[in-house]
Amino acid sequence: MFFHSWARLCSVRTRVVNGGKRWRTLFTGHTGETHTNIPGVRHWCTVTTKRLCHSDLGDLYKNESVERYLRTVMEECRHVSEKLELRHLSTSDRTTLQSRHAELQTVAYVFQTLEGALKEQEEVLSLIHSSAGSEDEDKQLTQLLMEEEAKISSRILALRKDLIKALVPTDPLDSSNVLLEVMAGRTTGGGLHHAAVRIAGENVYRYLKHEGGTHRVQRIPEVGLSSRMQRIHTGTMTVVVLPQPTELEVSISPKDLRVDTFRAQGAGGQSVNTTDSAVRIVHLPTGITAECQQSRSQQQNRNTAMRMLRARLHQSMMGKANEKRKTARKQQVGMRSQSDRIRTYNFSQDRVTDHRTGYEARDIKEFMRGGEGLGLLVSDVLEHSEREAVLDLAKSGGGGGGGGSLP
(Lines give C-alpha, C1' and ligand atoms only; values in the text may rest on other atoms or scores of the structure.)
Protein backbone atom coordinates (compact mmCIF):
# COMPACT_ATOMS: atom_id res chain seq x y z
CA MET A 1 0.00 0.00 0.00
CA PHE A 2 2.88 2.36 0.74
CA PHE A 3 4.39 1.58 -2.65
CA HIS A 4 1.15 2.46 -4.43
CA SER A 5 0.95 5.77 -2.59
CA TRP A 6 4.53 6.81 -3.23
CA ALA A 7 4.23 5.94 -6.89
CA ARG A 8 1.33 8.35 -7.32
CA LEU A 9 3.51 11.25 -6.19
CA CYS A 10 5.97 10.90 -9.03
CA SER A 11 3.88 10.38 -12.20
CA VAL A 12 5.59 7.04 -12.36
CA ARG A 13 6.62 5.65 -15.73
CA THR A 14 8.14 2.37 -14.54
CA ARG A 15 7.98 0.59 -11.23
CA VAL A 16 9.65 -2.67 -10.36
CA VAL A 17 9.28 -4.55 -7.11
CA ASN A 18 11.66 -7.12 -5.67
CA GLY A 19 9.84 -9.66 -3.56
CA GLY A 20 12.76 -12.07 -3.53
CA LYS A 21 15.63 -12.65 -5.90
CA ARG A 22 13.90 -11.73 -9.16
CA TRP A 23 12.62 -8.34 -10.35
CA ARG A 24 9.27 -8.10 -12.05
CA THR A 25 7.45 -5.15 -13.59
CA LEU A 26 4.34 -4.18 -11.66
CA PHE A 27 3.23 -0.99 -13.31
CA THR A 28 3.93 0.96 -16.46
CA GLY A 29 2.07 4.12 -17.31
CA HIS A 30 1.67 7.81 -16.65
CA THR A 31 -1.08 9.45 -14.72
CA GLY A 32 -2.35 12.63 -16.27
CA GLU A 33 -3.93 13.91 -13.08
CA THR A 34 -2.33 16.74 -11.16
CA HIS A 35 -2.19 18.05 -7.64
CA THR A 36 -1.73 21.59 -6.41
CA ASN A 37 1.42 20.62 -4.54
CA ILE A 38 2.85 17.39 -5.98
CA PRO A 39 2.59 16.40 -9.66
CA GLY A 40 0.59 13.25 -10.22
CA VAL A 41 -1.31 13.14 -6.91
CA ARG A 42 -5.02 12.50 -7.23
CA HIS A 43 -7.60 14.48 -5.24
CA TRP A 44 -9.40 11.74 -3.34
CA CYS A 45 -11.08 13.64 -0.56
CA THR A 46 -10.98 16.65 1.73
CA VAL A 47 -8.55 15.89 4.51
CA THR A 48 -8.25 17.68 7.83
CA THR A 49 -4.61 18.60 8.40
CA LYS A 50 -2.72 20.57 10.98
CA ARG A 51 0.75 22.12 10.97
CA LEU A 52 2.28 22.59 14.39
CA CYS A 53 5.95 23.51 14.03
CA HIS A 54 6.91 25.87 11.27
CA SER A 55 5.58 28.96 9.55
CA ASP A 56 5.19 29.83 5.90
CA LEU A 57 8.33 29.73 3.77
CA GLY A 58 7.83 33.38 2.79
CA ASP A 59 8.21 34.46 6.42
CA LEU A 60 11.95 33.84 6.10
CA TYR A 61 12.08 37.12 4.16
CA LYS A 62 12.00 38.89 7.52
CA ASN A 63 14.83 36.80 8.99
CA GLU A 64 17.92 38.91 9.72
CA SER A 65 20.39 36.34 8.34
CA VAL A 66 18.33 35.88 5.19
CA GLU A 67 18.04 39.65 4.65
CA ARG A 68 21.82 39.98 4.99
CA TYR A 69 22.38 37.08 2.61
CA LEU A 70 19.98 38.59 0.07
CA ARG A 71 21.95 41.82 0.08
CA THR A 72 25.12 39.80 -0.52
CA VAL A 73 23.54 37.96 -3.45
CA MET A 74 22.30 41.18 -5.04
CA GLU A 75 25.72 42.80 -4.61
CA GLU A 76 27.37 39.79 -6.25
CA CYS A 77 24.88 39.95 -9.11
CA ARG A 78 25.76 43.60 -9.75
CA HIS A 79 29.47 42.81 -9.51
CA VAL A 80 29.19 39.94 -12.02
CA SER A 81 27.13 42.10 -14.40
CA GLU A 82 29.81 44.81 -14.33
CA LYS A 83 32.55 42.26 -15.01
CA LEU A 84 30.68 40.86 -18.00
CA GLU A 85 30.80 44.32 -19.60
CA LEU A 86 34.60 44.22 -19.71
CA ARG A 87 36.04 43.51 -23.15
CA HIS A 88 39.34 41.89 -22.15
CA LEU A 89 37.77 38.80 -20.53
CA SER A 90 39.01 35.42 -21.73
CA THR A 91 36.50 32.98 -23.18
CA SER A 92 36.70 30.67 -20.17
CA ASP A 93 36.28 33.55 -17.68
CA ARG A 94 33.32 34.92 -19.62
CA THR A 95 31.68 31.49 -19.72
CA THR A 96 32.15 31.08 -15.96
CA LEU A 97 30.73 34.54 -15.24
CA GLN A 98 27.77 34.00 -17.56
CA SER A 99 26.94 30.75 -15.80
CA ARG A 100 27.07 32.41 -12.39
CA HIS A 101 25.07 35.39 -13.65
CA ALA A 102 22.32 33.04 -14.86
CA GLU A 103 22.14 31.47 -11.39
CA LEU A 104 21.94 34.85 -9.66
CA GLN A 105 19.56 36.40 -12.19
CA THR A 106 16.62 34.32 -10.98
CA VAL A 107 16.97 35.74 -7.47
CA ALA A 108 17.66 39.24 -8.80
CA TYR A 109 14.56 39.25 -11.01
CA VAL A 110 12.21 38.21 -8.19
CA PHE A 111 13.91 40.65 -5.81
CA GLN A 112 13.49 43.57 -8.24
CA THR A 113 9.87 42.59 -8.92
CA LEU A 114 9.24 42.53 -5.18
CA GLU A 115 10.84 45.95 -4.75
CA GLY A 116 8.57 47.32 -7.49
CA ALA A 117 5.50 45.87 -5.76
CA LEU A 118 6.54 47.42 -2.44
CA LYS A 119 6.88 50.84 -4.09
CA GLU A 120 3.43 50.46 -5.65
CA GLN A 121 2.00 49.58 -2.25
CA GLU A 122 3.65 52.63 -0.68
CA GLU A 123 2.20 54.93 -3.34
CA VAL A 124 -1.30 53.50 -2.98
CA LEU A 125 -1.19 53.74 0.82
CA SER A 126 -0.01 57.34 0.52
CA LEU A 127 -3.01 58.17 -1.70
CA ILE A 128 -5.39 56.46 0.73
CA HIS A 129 -4.02 58.36 3.72
CA SER A 130 -3.98 61.70 1.93
CA SER A 131 -7.58 61.42 0.78
CA ALA A 132 -9.03 59.97 3.98
CA GLY A 133 -10.95 62.51 6.09
CA SER A 134 -10.60 65.35 3.59
CA GLU A 135 -13.65 67.45 2.60
CA ASP A 136 -13.52 66.40 -1.03
CA GLU A 137 -12.93 62.72 -0.23
CA ASP A 138 -14.13 60.42 -3.02
CA LYS A 139 -15.37 57.35 -1.18
CA GLN A 140 -15.63 55.33 -4.36
CA LEU A 141 -12.03 56.15 -5.28
CA THR A 142 -10.88 55.31 -1.75
CA GLN A 143 -12.63 51.95 -1.98
CA LEU A 144 -10.91 51.21 -5.29
CA LEU A 145 -7.55 52.17 -3.80
CA MET A 146 -8.12 49.88 -0.83
CA GLU A 147 -9.00 47.00 -3.14
CA GLU A 148 -5.87 47.67 -5.18
CA GLU A 149 -3.75 47.72 -2.02
CA ALA A 150 -5.18 44.35 -0.99
CA LYS A 151 -4.22 42.87 -4.37
CA ILE A 152 -0.69 44.29 -4.10
CA SER A 153 -0.33 42.90 -0.57
CA SER A 154 -1.32 39.46 -1.80
CA ARG A 155 1.20 39.72 -4.64
CA ILE A 156 3.92 40.79 -2.22
CA LEU A 157 3.35 37.73 -0.03
CA ALA A 158 3.59 35.46 -3.09
CA LEU A 159 6.75 37.20 -4.30
CA ARG A 160 8.39 36.85 -0.89
CA LYS A 161 7.77 33.12 -1.02
CA ASP A 162 9.08 32.95 -4.60
CA LEU A 163 12.19 34.84 -3.53
CA ILE A 164 12.95 32.41 -0.71
CA LYS A 165 12.34 29.45 -3.05
CA ALA A 166 14.86 30.96 -5.49
CA LEU A 167 17.44 30.84 -2.70
CA VAL A 168 16.93 27.13 -2.00
CA PRO A 169 20.15 25.27 -2.89
CA THR A 170 19.68 22.78 -5.69
CA ASP A 171 20.46 19.12 -5.18
CA PRO A 172 21.97 17.64 -8.38
CA LEU A 173 20.39 14.29 -7.49
CA ASP A 174 16.81 15.64 -7.32
CA SER A 175 16.02 14.48 -10.86
CA SER A 176 17.27 10.94 -10.18
CA ASN A 177 15.15 7.83 -10.06
CA VAL A 178 15.20 6.04 -6.72
CA LEU A 179 15.60 2.65 -5.13
CA LEU A 180 13.22 2.54 -2.18
CA GLU A 181 13.56 -0.23 0.40
CA VAL A 182 11.17 -1.13 3.21
CA MET A 183 12.40 -3.37 6.03
CA ALA A 184 10.27 -4.61 8.90
CA GLY A 185 11.41 -3.64 12.36
CA ARG A 186 9.65 -4.77 15.52
CA THR A 187 6.51 -6.53 14.32
CA THR A 188 3.76 -8.79 15.62
CA GLY A 189 3.03 -11.71 13.36
CA GLY A 190 4.16 -12.63 9.88
CA GLY A 191 3.98 -10.76 6.62
CA LEU A 192 6.55 -9.34 4.23
CA HIS A 193 9.77 -8.43 6.05
CA HIS A 194 11.68 -6.80 3.18
CA ALA A 195 10.78 -5.31 -0.19
CA ALA A 196 12.46 -2.96 -2.64
CA VAL A 197 10.99 -0.70 -5.31
CA ARG A 198 12.56 1.03 -8.26
CA ILE A 199 10.66 4.24 -9.01
CA ALA A 200 11.26 6.25 -12.17
CA GLY A 201 9.71 9.58 -13.10
CA GLU A 202 10.17 13.32 -12.95
CA ASN A 203 12.10 14.59 -9.89
CA VAL A 204 11.35 11.40 -7.99
CA TYR A 205 14.23 11.74 -5.54
CA ARG A 206 13.28 15.35 -4.73
CA TYR A 207 9.87 14.27 -3.44
CA LEU A 208 10.83 10.97 -1.82
CA LYS A 209 14.25 11.63 -0.27
CA HIS A 210 12.73 12.75 3.03
CA GLU A 211 10.76 9.51 3.40
CA GLY A 212 13.89 7.71 4.61
CA GLY A 213 13.82 6.79 8.29
CA THR A 214 11.77 4.83 10.82
CA HIS A 215 7.99 4.73 10.33
CA ARG A 216 5.84 3.56 13.24
CA VAL A 217 2.44 1.88 12.86
CA GLN A 218 -0.09 1.61 15.70
CA ARG A 219 -3.10 -0.58 15.04
CA ILE A 220 -5.61 -2.94 16.64
CA PRO A 221 -5.48 -6.45 15.13
CA GLU A 222 -8.46 -7.70 13.14
CA VAL A 223 -11.55 -9.08 14.88
CA GLY A 224 -11.37 -12.73 15.86
CA LEU A 225 -8.46 -12.58 18.28
CA SER A 226 -8.96 -13.08 21.97
CA SER A 227 -9.74 -10.02 24.08
CA ARG A 228 -6.26 -10.29 25.56
CA MET A 229 -4.76 -9.79 22.09
CA GLN A 230 -7.13 -6.98 21.06
CA ARG A 231 -4.98 -4.15 22.31
CA ILE A 232 -3.00 -1.59 20.32
CA HIS A 233 -0.03 -3.25 18.66
CA THR A 234 2.97 -1.17 17.63
CA GLY A 235 5.27 -2.07 14.76
CA THR A 236 8.04 -0.23 12.97
CA MET A 237 9.55 -0.32 9.53
CA THR A 238 12.64 1.32 8.12
CA VAL A 239 12.38 3.10 4.78
CA VAL A 240 15.57 3.70 2.79
CA VAL A 241 15.55 5.99 -0.27
CA LEU A 242 18.65 5.94 -2.47
CA PRO A 243 19.13 8.02 -5.64
CA GLN A 244 19.92 6.19 -8.87
CA PRO A 245 21.67 8.66 -11.21
CA THR A 246 21.32 7.63 -14.84
CA GLU A 247 24.93 8.46 -15.67
CA LEU A 248 28.01 9.98 -14.12
CA GLU A 249 29.58 12.41 -16.54
CA VAL A 250 33.38 12.53 -16.63
CA SER A 251 34.78 16.01 -17.16
CA ILE A 252 38.56 16.18 -17.63
CA SER A 253 40.44 19.46 -17.73
CA PRO A 254 43.57 19.42 -19.95
CA LYS A 255 45.55 21.14 -17.19
CA ASP A 256 44.91 18.09 -14.97
CA LEU A 257 46.69 15.77 -17.39
CA ARG A 258 50.34 14.87 -17.90
CA VAL A 259 51.03 13.24 -21.25
CA ASP A 260 54.25 11.25 -21.69
CA THR A 261 55.48 9.69 -24.93
CA PHE A 262 58.00 6.89 -25.13
CA ARG A 263 59.18 4.12 -27.41
CA ALA A 264 56.94 1.14 -27.54
CA GLN A 265 58.10 -2.01 -25.82
CA GLY A 266 57.81 -5.12 -27.94
CA ALA A 267 59.34 -7.63 -30.24
CA GLY A 268 61.13 -5.04 -32.39
CA GLY A 269 60.99 -4.41 -36.09
CA GLN A 270 59.61 -1.57 -38.15
CA SER A 271 59.03 1.91 -36.76
CA VAL A 272 56.82 0.82 -33.88
CA ASN A 273 59.93 0.41 -31.72
CA THR A 274 62.05 3.20 -33.21
CA THR A 275 59.73 6.20 -32.66
CA ASP A 276 58.05 7.68 -29.57
CA SER A 277 54.61 6.38 -30.57
CA ALA A 278 53.55 5.02 -27.18
CA VAL A 279 51.52 7.35 -24.94
CA ARG A 280 50.99 7.43 -21.19
CA ILE A 281 48.42 9.83 -19.69
CA VAL A 282 48.32 10.58 -15.97
CA HIS A 283 45.31 12.25 -14.31
CA LEU A 284 47.17 14.37 -11.75
CA PRO A 285 44.33 14.96 -9.20
CA THR A 286 43.67 11.22 -8.80
CA GLY A 287 46.89 9.61 -9.97
CA ILE A 288 44.94 7.34 -12.33
CA THR A 289 47.05 6.33 -15.33
CA ALA A 290 46.32 4.92 -18.77
CA GLU A 291 48.78 4.08 -21.52
CA CYS A 292 48.65 2.67 -25.03
CA GLN A 293 51.26 1.42 -27.49
CA GLN A 294 49.07 -0.62 -29.82
CA SER A 295 49.48 1.53 -32.92
CA ARG A 296 52.37 3.06 -34.82
CA SER A 297 50.41 6.32 -34.73
CA GLN A 298 51.00 8.42 -31.64
CA GLN A 299 47.64 10.17 -32.14
CA GLN A 300 45.73 6.89 -32.27
CA ASN A 301 47.49 5.70 -29.13
CA ARG A 302 46.67 9.01 -27.43
CA ASN A 303 42.98 8.69 -28.31
CA THR A 304 42.87 5.12 -27.06
CA ALA A 305 44.63 6.07 -23.82
CA MET A 306 42.14 8.92 -23.25
CA ARG A 307 39.21 6.52 -23.68
CA MET A 308 40.81 4.15 -21.18
CA LEU A 309 41.41 7.02 -18.75
CA ARG A 310 37.80 8.19 -18.99
CA ALA A 311 36.56 4.67 -18.32
CA ARG A 312 38.80 4.30 -15.27
CA LEU A 313 37.78 7.71 -13.91
CA HIS A 314 34.13 6.82 -14.43
CA GLN A 315 34.65 3.55 -12.57
CA SER A 316 36.32 5.43 -9.73
CA MET A 317 33.46 7.94 -9.57
CA MET A 318 30.92 5.13 -9.55
CA GLY A 319 32.77 3.53 -6.66
CA LYS A 320 32.67 6.77 -4.66
CA ALA A 321 28.99 7.26 -5.51
CA ASN A 322 28.25 3.72 -4.33
CA GLU A 323 30.09 4.41 -1.07
CA LYS A 324 28.02 7.57 -0.56
CA ARG A 325 24.82 5.60 -1.17
CA LYS A 326 25.94 2.92 1.30
CA THR A 327 26.66 5.64 3.87
CA ALA A 328 23.26 7.25 3.21
CA ARG A 329 21.61 3.85 3.60
CA LYS A 330 23.32 3.24 6.95
CA GLN A 331 22.27 6.68 8.17
CA GLN A 332 18.65 6.05 7.19
CA VAL A 333 18.55 2.54 8.65
CA GLY A 334 20.20 3.63 11.92
CA MET A 335 19.36 1.41 14.88
CA ARG A 336 15.72 0.99 13.80
CA SER A 337 14.61 2.19 17.22
CA GLN A 338 11.30 3.90 17.87
CA SER A 339 13.09 6.87 19.42
CA ASP A 340 14.26 8.13 16.02
CA ARG A 341 10.95 7.63 14.20
CA ILE A 342 9.99 10.23 11.63
CA ARG A 343 6.30 9.38 11.28
CA THR A 344 3.49 7.54 13.07
CA TYR A 345 0.43 5.94 11.46
CA ASN A 346 -2.14 5.62 14.25
CA PHE A 347 -5.06 3.59 12.90
CA SER A 348 -7.03 3.61 16.16
CA GLN A 349 -7.05 7.43 16.17
CA ASP A 350 -7.33 7.75 12.37
CA ARG A 351 -4.28 10.01 12.27
CA VAL A 352 -0.89 10.30 10.56
CA THR A 353 1.72 12.49 12.29
CA ASP A 354 5.08 13.56 10.91
CA HIS A 355 7.33 14.14 13.93
CA ARG A 356 9.82 16.38 12.09
CA THR A 357 7.28 19.10 11.34
CA GLY A 358 4.34 18.28 13.61
CA TYR A 359 2.08 17.99 10.56
CA GLU A 360 -1.03 15.85 11.08
CA ALA A 361 -3.37 14.31 8.52
CA ARG A 362 -6.70 12.60 9.16
CA ASP A 363 -8.60 9.89 7.26
CA ILE A 364 -5.74 7.40 7.33
CA LYS A 365 -7.33 4.96 4.87
CA GLU A 366 -7.50 7.57 2.12
CA PHE A 367 -3.99 8.67 3.05
CA MET A 368 -2.72 5.13 2.53
CA ARG A 369 -4.47 4.96 -0.85
CA GLY A 370 -2.51 8.00 -2.03
CA GLY A 371 -5.13 10.60 -1.16
CA GLU A 372 -4.77 14.35 -0.88
CA GLY A 373 -3.39 14.12 2.66
CA LEU A 374 -0.30 12.25 1.47
CA GLY A 375 0.55 14.92 -1.08
CA LEU A 376 0.01 17.71 1.45
CA LEU A 377 2.21 16.00 4.03
CA VAL A 378 5.05 15.36 1.56
CA SER A 379 4.83 18.99 0.40
CA ASP A 380 4.98 20.19 4.00
CA VAL A 381 8.07 18.10 4.75
CA LEU A 382 9.72 19.33 1.55
CA GLU A 383 8.97 22.97 2.43
CA HIS A 384 10.33 22.42 5.93
CA SER A 385 13.53 21.00 4.44
CA GLU A 386 13.85 23.94 2.04
CA ARG A 387 13.34 26.37 4.90
CA GLU A 388 16.12 24.75 6.91
CA ALA A 389 18.41 24.70 3.85
CA VAL A 390 17.94 28.44 3.25
CA LEU A 391 18.56 29.25 6.92
CA ASP A 392 21.73 27.15 6.95
CA LEU A 393 22.90 28.79 3.72
CA ALA A 394 22.24 32.30 5.06
CA LYS A 395 23.89 31.66 8.42
CA SER A 396 26.98 30.10 6.83
CA GLY A 397 27.52 33.10 4.59
CA GLY A 398 26.06 31.49 1.48
CA GLY A 399 29.02 30.01 -0.31
CA GLY A 400 27.76 29.43 -3.83
CA GLY A 401 24.28 30.54 -2.86
CA GLY A 402 21.47 32.06 -4.86
CA GLY A 403 20.42 28.77 -6.31
CA GLY A 404 23.82 27.18 -5.80
CA SER A 405 24.48 23.45 -5.51
CA LEU A 406 24.72 21.35 -2.40
CA PRO A 407 28.16 19.93 -1.56
Side-chain angles (χ1 to χ4, degrees), residues 1-12 15 17 26-27 31 33-54 180-195 197 199 207-225 229-241 332 336-385:
M1 191 175 292
F2 278 101
F3 301 157
H4 179 72
S5 302
W6 273 311
R8 288 184 180 275
L9 291 175
C10 307
S11 302
V12 178
R15 189 175 75 169
V17 172
L26 285 188
F27 174 80
T31 173
E33 296 166 332
T34 58
H35 188 274
T36 53
N37 294 286
I38 303 292
V41 176
R42 174 178 289 179
H43 288 263
W44 287 86
C45 57
T46 301
V47 180
T48 303
T49 59
K50 181 167 60 176
R51 176 187 294 175
L52 300 178
C53 291
H54 61 281
L180 186 148
E181 291 182 78
V182 176
M183 292 161 287
R186 188 165 69 86
T187 60
T188 55
L192 190 63
H193 290 272
H194 178 270
V197 183
I199 304 179
Y207 291 112
L208 294 186
K209 60 185 174 183
H210 302 298
E211 294 301 299
T214 301
H215 295 238
R216 183 177 70 169
V217 178
Q218 294 180 317
R219 62 185 179 84
I220 299 177
E222 50 280 334
V223 179
L225 298 177
M229 296 293 293
Q230 287 183 359
R231 64 181 188 275
I232 295 177
H233 284 207
T234 299
T236 62
M237 66 177 186
T238 299
V239 176
V240 177
V241 183
Q332 292 181 36
R336 299 197 197 178
S337 66
Q338 295 190 53
S339 61
D340 61 354
R341 64 185 181 274
I342 64 169
R343 191 174 300 154
T344 294
Y345 307 80
N346 192 317
F347 282 82
S348 61
Q349 297 182 10
D350 195 30
R351 183 184 73 239
V352 179
T353 304
D354 193 281
H355 302 293
R356 295 164 295 184
T357 66
Y359 193 94
E360 292 183 357
R362 298 286 179 172
D363 200 342
I364 194 168
K365 290 184 178 179
E366 290 298 334
F367 182 96
M368 300 296 285
R369 293 191 183 104
E372 182 182 14
L374 175 61
L376 293 173
L377 186 146
V378 171
S379 292
D380 188 72
V381 172
L382 182 60
E383 183 174 304
H384 174 73
S385 172

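Throughout, numbering of the chain's residues begins at 1 and tracks the sequence.
Side-chain contact between Met183 and Val240 is present, with at least one heavy-atom pair separated by less than 4.5 Å. Counting only heavy atoms from C-beta outward, the side chains of Tyr345 and Ile364 approach each other to under 4.5 Å. Counting heavy atoms from C-beta outward, Asp380 and Asp354 have side chains that stay 4.5 Å or more apart. Arg369 has its side chain within reach of Glu366: a pair of non-hydrogen atoms, C-beta onward, lies under 4.5 Å apart. At a threshold of 4.5 Å between non-hydrogen side-chain atoms, the residues Arg341 and Thr236 do not count as touching. Taking the side chain as every heavy atom from C-beta outward, Arg343 and Leu377 approach each other to under 4.5 Å.
Of the candidates His355, Glu360, Gln218, His355 is the only one forming a side chain to side chain donor-acceptor pair (under 3.5 Å) with Thr344.
Listed here is the closest heavy atom pair of Asp350 and Lys365: OD1-N, 4.5 Å. Nearest heavy-atom pair, Phe367 versus Ala361, reported as atom, atom and distance to 0.1 Å: CD1-CB, 4.1 Å.
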Step-by-step side-chain contact (heavy atoms from CB on, under 4.5 Å) determination, Glu211 to Val378: CA-CA 8 Å; Glu211 294 301 299; Val378 171; 4.0 Å; yes
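One distance of note links CD of Glu372 with OG of Ser379; it measures 10.0 Å at 0.5 Å rounding.
Checking His384 against Thr357 by side-chain atom types alone, no donor-acceptor pair falls below 3.5 Å.
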